[in-house]
Amino acid sequence: QVQLVESGGGLVQAGGSLRLSCAASGRTFSMYGMGWFRQAPGKERTCVAAISTGGATLYYADSVKGRFTISRDNAKNTVYLQMNSLKPEDTAVYYCAATASYTYAYSVALYDYWGQGTQVTVSS
């Protein structure tokens with residue numbers, strides 16, 4: 001099992017930046033595909049970015065391409081989401097997730113472990 005703890009959320013003005021971090025417990029972090037998801041009130045949870053076990057394969061939702069960057073440091077058991085040029089429509093709870101069965105995935109159903117979420121609010 002792996003436990004995930006997100007940090008770095010907060011309130012920022014449109015055009016600003018935030019960096020989310022997700023710290024994972026356990027010694028096998030490098031074996032998990034990792035993803036960042038978000039969920040706004042009344043909307044379904046969707047993947048904004050995903051990264052393969054070794055970091056070579058990346059996925060970004062069209063809505064965040066060119067603005068968000070996912071990365072991981074397997075030595076620190078941590079995955080990051082750098083968010084630049086934030087927009088009010090980026091406002092949501094952001095979740096970190098890990099998949100043990102796939103090296104890389106962007107479907108909610110394929111992830112096994114989830115963090116508690118961190119709120120990101122972008123004001124206009």
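Index from 1, following the sequence.
- Residues forming a ring pair (Phe, Tyr, Trp, His ring centres under 6.0 Å) with Tyr106 (at least two apart in sequence, or on another chain): Tyr59.
- Distance check: Ile51 CD1 to Thr57 OG1 gives 9.0 Å after rounding to the nearest 0.5 Å.
- At least one side-chain heavy atom of Asn84 sits less than 4.5 Å from a side-chain heavy atom of Ser17.
- A cation-pi arrangement is not found for Arg72 relative to Tyr32, the charged atom failing to lie both closer than 6.0 Å to the ring centre and inside a 45° cone about the ring normal.
- Side chain of Thr118 to main chain of Gly8: no donor-acceptor pair is present (N/O by atom type, distance under 3.5 Å, no hydrogens or angles).
- We find the CG-SG distance between Asn77 and Cys22 to be 10.0 Å, quoted to the nearest 0.5 Å.
- Atom OH of Tyr113 is separated from atom CE of Met34 by 11.5 Å, given to the nearest 0.5 angstrom.
- The heavy-atom pair separating Asp112 from Ser101 by the smallest distance is OD2-N, 3.8 Å.
- The aromatic ring centres of Phe68 and Trp36 sit 6.0 Å or more apart.
- At least one donor-acceptor pair closer than 3.5 Å links the side chain of Glu6 to the backbone N or O of Gln116.
- Remark: the backbone N or O of Val122 is paired with a side-chain donor or acceptor of Thr91 at under 3.5 angstrom.
- Using a cutoff of 4.0 Å between basic side-chain nitrogens and carboxylate oxygens, Lys87 and Asp90 are not scored as salt-bridged.
- Side-chain atoms of Tyr60 come within 3.5 Å of backbone atoms of Ile70 as a donor-acceptor pair (strictly under, hydrogens ignored).
- Panel note: side chain Asn74, backbone Gly54; no donor-acceptor pair is recorded below 3.5 Å.
- Within the 4.5 Å cutoff, no side-chain heavy atoms of Ser21 are placed close to those of Lys76.
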